[in-house]
Amino acid sequence: MKIVFATNNQHKLDEIRSILGDKFEIVSLADIGCHEDIPETGATLEENALMKAQYVYDHYHVSCFADDTGLEVEALNGAPGVYSARYASMSSDASATPASHDSEANMARLLRELENNNNRKARFRTVIALIEKKDVCPCGCTSIKLVHKFEGIVNGEIIREKRGGEGFGYDPIFQPEGYTETFAELGLDVKNKISHRARAVAKLAEFLVNNEK
């Protein structure tokens, strides 16, 4: 089965393809000729994921899925949350428009904000929105849209300094529950078995496999 993943982020593509294996052919936005900067202006992860999938469905008329991921820190009342990818370039009230994503700057800001705080509890949460194009008649002249959502969560804590050279985003400062290594130290193989995205994708894959029957 071929399905569009609404991203051109190579890290995400590699991670998703590794998790799903050869069961599905995952193609990127670039693969379908989409080079637009799809808006992510939702107030929640769910809204952003659905917004991206809806854009692809409306403009390219194909089945697709999109994800949004946030790091939610207990001591910061769930921040950076939906603003995780652009945290450093946003004002304290999250109203500024970011110029670009900068993982190093994002981590630096988060560590500063938690510097004197002993509550390091945090979780990564991924939401996937899948929009299916279903043919109603054999000739394919009529189709309907079906929307599904999947969630994956991994609990852990924010350590006090970066460790590890693999992964991306906040991986060097996030230590998942039950491990003594960060995501960046564990490596892709282990991360793909335990991460928030892995858990959401596992639910997506189970749905797709069962839906093929």
Side-chain angles (χ1 to χ4, degrees), residues 1-29 31-32 38 40 42 44-54 56-57 62-73 78 81-82 84-85 121-134 145-157 164 166-213:
M1 173 190 291
K2 179 186 289 188
I3 188 166
V4 177
F5 180 20
T7 188
N8 278 323
N9 183 314
Q10 193 59 49
H11 289 298
K12 284 187 177 184
L13 284 165
D14 290 344
E15 200 168 74
I16 290 286
R17 287 167 176 162
S18 176
I19 295 168
L20 289 178
D22 58 2
K23 295 176 184 175
F24 307 96
E25 181 184 354
I26 305 301
V27 299
S28 68
L29 292 175
D31 292 329
I32 62 170
I38 301 176
E40 297 180 53
T44 65
L45 300 177
E46 289 81 1
E47 288 178 9
N48 274 347
L50 185 57
M51 188 179 298
K52 289 183 282 186
Q54 186 68 55
V56 175
Y57 183 87
V62 293
S63 295
C64 62
F65 68 93
D67 79 318
D68 200 21
T69 293
L71 175 64
E72 300 171 342
V73 180
V82 72
S84 295
K121 291 181 181 178
R123 68 176 188 174
F124 267 119
R125 188 164 69 94
T126 290
V127 175
I128 292 176
L130 167 68
I131 298 183
E132 283 188 289
K133 182 182 180 184
K134 282 285 188 180
K145 178 182 75 172
L146 300 176
V147 179
H148 313 276
K149 293 180 184 177
F150 310 92
E151 182 186 65
I153 293 173
V154 61
N155 294 309
E157 64 179 44
E166 295 193 43
F168 60 98
Y170 295 91
D171 285 356
I173 61 171
F174 181 82
Q175 183 173 297
E177 197 171 72
Y179 290 82
T180 57
E181 301 91 356
T182 66
F183 269 159
E185 292 175 304
L186 288 170
L188 195 60
D189 288 344
V190 176
K191 181 185 175 184
N192 282 347
K193 295 175 182 176
I194 66 170
S195 77
H196 45 293
R197 186 170 289 108
R199 292 172 181 178
V201 171
K203 294 176 184 178
L204 168 68
E206 181 180 11
F207 173 83
L208 291 174
V209 168
N210 292 334
N211 208 36
E212 277 191 309
K213 296 177 181 177

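Everything numeric in this text was worked out from a predicted model, so none of it was measured.
Scanning both residues, I3 and S63, for their nearest heavy atoms gives CG1-O, 3.9 Å. Listed here is the closest heavy atom pair of A66 and A49: CB-O, 3.3 Å. The nearest pair of heavy atoms linking G152 to A200 is N-CB, 3.6 Å. The nearest pair of heavy atoms linking K191 to A198 is O-CB, 4.2 Å. Between V62 and Y57, the closest heavy-atom pair is O-CD1, 3.5 Å. Residues A53 and A129 approach most closely at CB-O, 3.8 Å, considering heavy atoms.
In this structure, F183 and F174 have tilted ring planes: the angle between them lies in the 30° to 60° band. The aromatic rings of H196 and F124 sit parallel, their planes meeting at an angle under 30°, below the 60° perpendicular limit.
In this structure, the side chains of R199 and I153 stay at 4.5 Å or more apart for every pair of heavy atoms. Considering only heavy atoms from C-beta on, K203 stays 4.5 Å or farther from H148 through its side chain. Considering only heavy atoms from C-beta on, V127 stays 4.5 Å or farther from D68 through its side chain. Side-chain contact between L186 and I194: present, with at least one pair of heavy atoms (C-beta onward) separated by less than 4.5 Å. By the 4.5 Å heavy-atom criterion applied to side chains, V201 and N192 are not counted as neighbours. Considering only heavy atoms from C-beta on, V82 stays 4.5 Å or farther from E47 through its side chain.
A donor-acceptor pair is defined here as one N or O able to donate and one able to accept, closer than 3.5 Å; no such pair exists between the side chain of Q10 and the backbone of D14. Side-chain atoms of R197 never come within 3.5 Å of backbone atoms of T126 as a donor-acceptor pair (strictly under, hydrogens ignored).
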Practice prompt. Output, in order, the C-alpha distance, side-chain angles, deciding distance and verdict of side-chain contact (heavy atoms from CB on, under 4.5 Å) for F150 and E206.
Written response: CA-CA 11 Å; F150 310 92; E206 181 180 11; over 6 Å; no
Worksheet entry | Verdict with supporting geometry, E46 and R125, salt bridge (charged side-chain N to carboxylate O under 4.0 Å, His left out) | CA-CA 10 Å; E46 289 81 1; R125 188 164 69 94; 2.8 Å; yes
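Note that the CD atom of E72 and the CZ atom of R123 stand 4.5 Å from one another [nearest 0.5 Å].
With F65 as the partner, the side chain to side chain contact (heavy atoms under 4.5 Å, CB included) test is satisfied by one option alone out of T7, I131, I16: I16.
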